[in-house]
Engineer: 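I have a structure I would like to understand better, so I am pasting it below and will then ask my questions one at a time.
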Amino acid sequence: MIQDPLYEPSGHLLTPVDPDVPERAVRLRELRLGGPDAEFDAFARDLAEAARHLAGTDLPPFAMVNFVTDRQYLGGLYAPQAPGADPADAVELGREVPLDHGYCPHVVVRRKALVLDDVCDYPRFAGNPVVDKLGIRTYVGAPLIDRTGTVLGTICVIDREPRPWGHAGLDLIKARAADLMQVIRRREERQG
């Protein structure tokens with residue numbers, strides 16, 4: 001079996017090796033990105049609502065603005081709770097996530113959007129800890145690539161039910177990533 005050099009040796013979780021972490025960490029500091037951000041939380045809420053509309057569901061999915069270095073940091077987060085649900089049953093998402101939890105590190109290294117209608121259909125992704133710990137079954141994410149060509153992180157939507165995102169989901173996530181990069185660019189210009 002030929003080993004893919006972007007991934008760890010067999011027997012380990014398939015987390016991509018990311019040689020751009022030092023450059024990305026510097027760029028995130030320059031842009032003052034990496035902490036909780038109310039504007040990014042609002043962006044994530046709007047993204048979740050757009051994904052809900054696209055999927056035709058009553059409850060919006062989870063949505064995130066994720067900056068990736070040697071960890072994942074959710075600068076923007078929307079985690080819905082079903083109406084009438086017991087708060088004790090809510091999924092508790094922190095702002096900091098290990099690299100081996102989720103699919104955003106793959107998007108960052110690939111520098112391309114990733115659509116997984118049902119993560120269990122893909123052996124490389126089905127064993128990810130978010131499947132068992134959070135019950136995640138679907139993912140759609142796109143990279144946040146700034147004017148310097150640096151991939152800062154991702155935006156993504158995840159849910160507990162498989163979703164047929166298709167081309168419409170891909171178009172949505174790519175368009176929203178471009179929208180967020182315009183927001184980040186305007187912030188950079190204001191910072192001077």
Engineer: What's the spacing between E30 CD and D146 CG if we round to 0.5 Å?
Structural biologist: 9.0 Å

Engineer: In Å, rounded to the nearest 0.5 Å, how long is the span from CG of D159 to CG of L59?
Structural biologist: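 It is 7.5 Å, given to the nearest 0.5 Å.
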
Engineer: Any salt bridge linking E96 with R71? Criterion: basic side-chain nitrogen under 4.0 Å from a carboxylate oxygen.
Structural biologist: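 Between R71 and E96 there is a salt bridge, with a charged N closer than 4.0 Å to a carboxylate O.
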
Engineer: Could you report the tightest heavy-atom contact between P16 and V109, atom names first, then the distance?
Structural biologist: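 Minimum heavy-atom contact is CB-CG2, 3.7 Å.
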
Engineer: As an exercise, state the distance from OG1 of T154 to CG of L74, rounded to the nearest 0.5 Å.
Structural biologist: 8.5 Å

Engineer: So do L152 and V108 actually touch side chain to side chain, heavy atoms under 4.5 Å?
Structural biologist: no

Engineer: Could you state whether V151 and L144 fall into the same hydrophobic cluster, counting links through intermediate Ile, Leu, Val, Met, Phe, Trp or Tyr residues with side-chain heavy atoms under 4.5 angstrom apart?
Structural biologist: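 In one cluster: no.
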
Engineer: Can you tell if the side chain of D117 reaches within under 4.5 Å of the side chain of R137, non-hydrogen atoms only?
Structural biologist: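 No; the side chains remain at least 4.5 Å from each other.
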
Engineer: Rounded to the nearest 0.5 Å, what's the gap from CZ on F40 to CE on M64? Could you check?
Structural biologist: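 If I round to the nearest 0.5 Å, the distance is 15.5 Å.
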
Engineer: Taking C-beta and beyond as the side chain, do Q72 and F67 meet within less than 4.5 Å on heavy atoms?
Structural biologist: no

Engineer: Rounded to the nearest 0.5 Å, what's the gap from CG on D18 to NE2 on H106? Could you check?
Structural biologist: 11.0 Å

Engineer: When you compare the side chain of L47 with that of I173, does any pair of heavy atoms fall below 4.5 Å?
Structural biologist: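 Yes. Closest side-chain heavy atoms under 4.5 Å.
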
Engineer: How long is the straight-line distance from CD1 of I184 back to CG of L28, given to the nearest 0.5 Å?
Structural biologist: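 Answer rounded to 0.5 Å: 8.5 Å.
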
Engineer: Do V115 and I155 belong to the same hydrophobic cluster, where Ile, Leu, Val, Met, Phe, Trp and Tyr are linked whenever their side-chain heavy atoms lie under 4.5 Å apart, directly or via other members?
Structural biologist: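 Cluster IDs for V115 and I155 match.
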
Engineer: Any side-chain heavy atom of R52 sitting closer than 4.5 Å to one from P61?
Structural biologist: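 SC-SC contact between R52 and P61 confirmed.
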
Engineer: Can the ring centroids of Y103 and Y139 be said to lie less than 6.0 angstrom from one another?
Structural biologist: yes

Engineer: Where is the tightest heavy-atom contact between P60 and Y78, given as atom of each residue plus distance?
Structural biologist: CG-OH, 3.6 Å

Engineer: Using the rule that two of Ile, Leu, Val, Met, Phe, Trp, Tyr join whenever any of their side-chain heavy atoms come within less than 4.5 Å, decide whether L77 and Y73 are in one cluster.
Structural biologist: no

Engineer: Among R24, E23, R29, whose side chain to side chain contact (heavy atoms under 4.5 Å, CB included) with V26 holds?
Structural biologist: R29

Engineer: Does the side chain of M181 reach to within under 4.5 Å of the side chain of I145, using non-hydrogen atoms?
Structural biologist: no

Engineer: What verdict does the side chain to side chain contact (heavy atoms under 4.5 Å, CB included) test give for V140 and L114, after you've listed the backbone C-alpha separation in whole Å, the side-chain angles of each residue and the deciding distance to 0.1 Å?
Structural biologist: CA-CA 6 Å; V140 58; L114 177 64; over 6 Å; no

Engineer: Work out which heavy atom in K112 is nearest to a heavy atom in P143; give both atom names and the distance.
Structural biologist: C-CD, 3.7 Å

Engineer: Taking a hydrophobic cluster as the set of Ile, Leu, Val, Met, Phe, Trp and Tyr residues connected by side-chain heavy atoms closer than 4.5 Å, whether directly or through intermediates, do V21 and V17 fall within one such cluster?
Structural biologist: no

Engineer: Of the non-hydrogen atoms in D41 and G75, which two are nearest, and what is the gap between them?
Structural biologist: OD1-O, 3.8 Å

Engineer: Check this for me: does any side-chain nitrogen of one of R187 and D37 sit under 4.0 Å from a carboxylate oxygen of the other?
Structural biologist: yes

Engineer: Would you check, one step at a time, whether the test side chain to side chain contact (heavy atoms under 4.5 Å, CB included) holds for V65 with L180?
Structural biologist: CA-CA 9 Å; V65 175; L180 186 59; 3.7 Å; yes

Engineer: Salt bridge or not for R27 and E188, using N-O below 4.0 Å?
Structural biologist: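 Yes.
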
Engineer: Taking all non-hydrogen atoms of both residues into account, name the closest pair between R176 and F43 and its distance.
Structural biologist: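 Reported closest heavy-atom pair: O-CZ, 3.2 Å.
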
Engineer: Do V68 and L33 belong to the same hydrophobic cluster, where Ile, Leu, Val, Met, Phe, Trp and Tyr are linked whenever their side-chain heavy atoms lie under 4.5 Å apart, directly or via other members?
Structural biologist: no

Engineer: Indicate yes or no: does E189 engage R186 in a salt bridge with an N to O separation below 4.0 Å.
Structural biologist: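 No.
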
Engineer: Nearest heavy-atom pair of A113 and L170: which atoms, and what distance?
Structural biologist: CB-CD1, 3.4 Å

Engineer: For residues L116 and T138, determine if any side-chain heavy atom of one lies less than 4.5 Å from a side-chain heavy atom of the other.
Structural biologist: no

Engineer: Short question: side chain of N66, backbone of G153 - any donor-acceptor pair under 3.5 Å?
Structural biologist: no

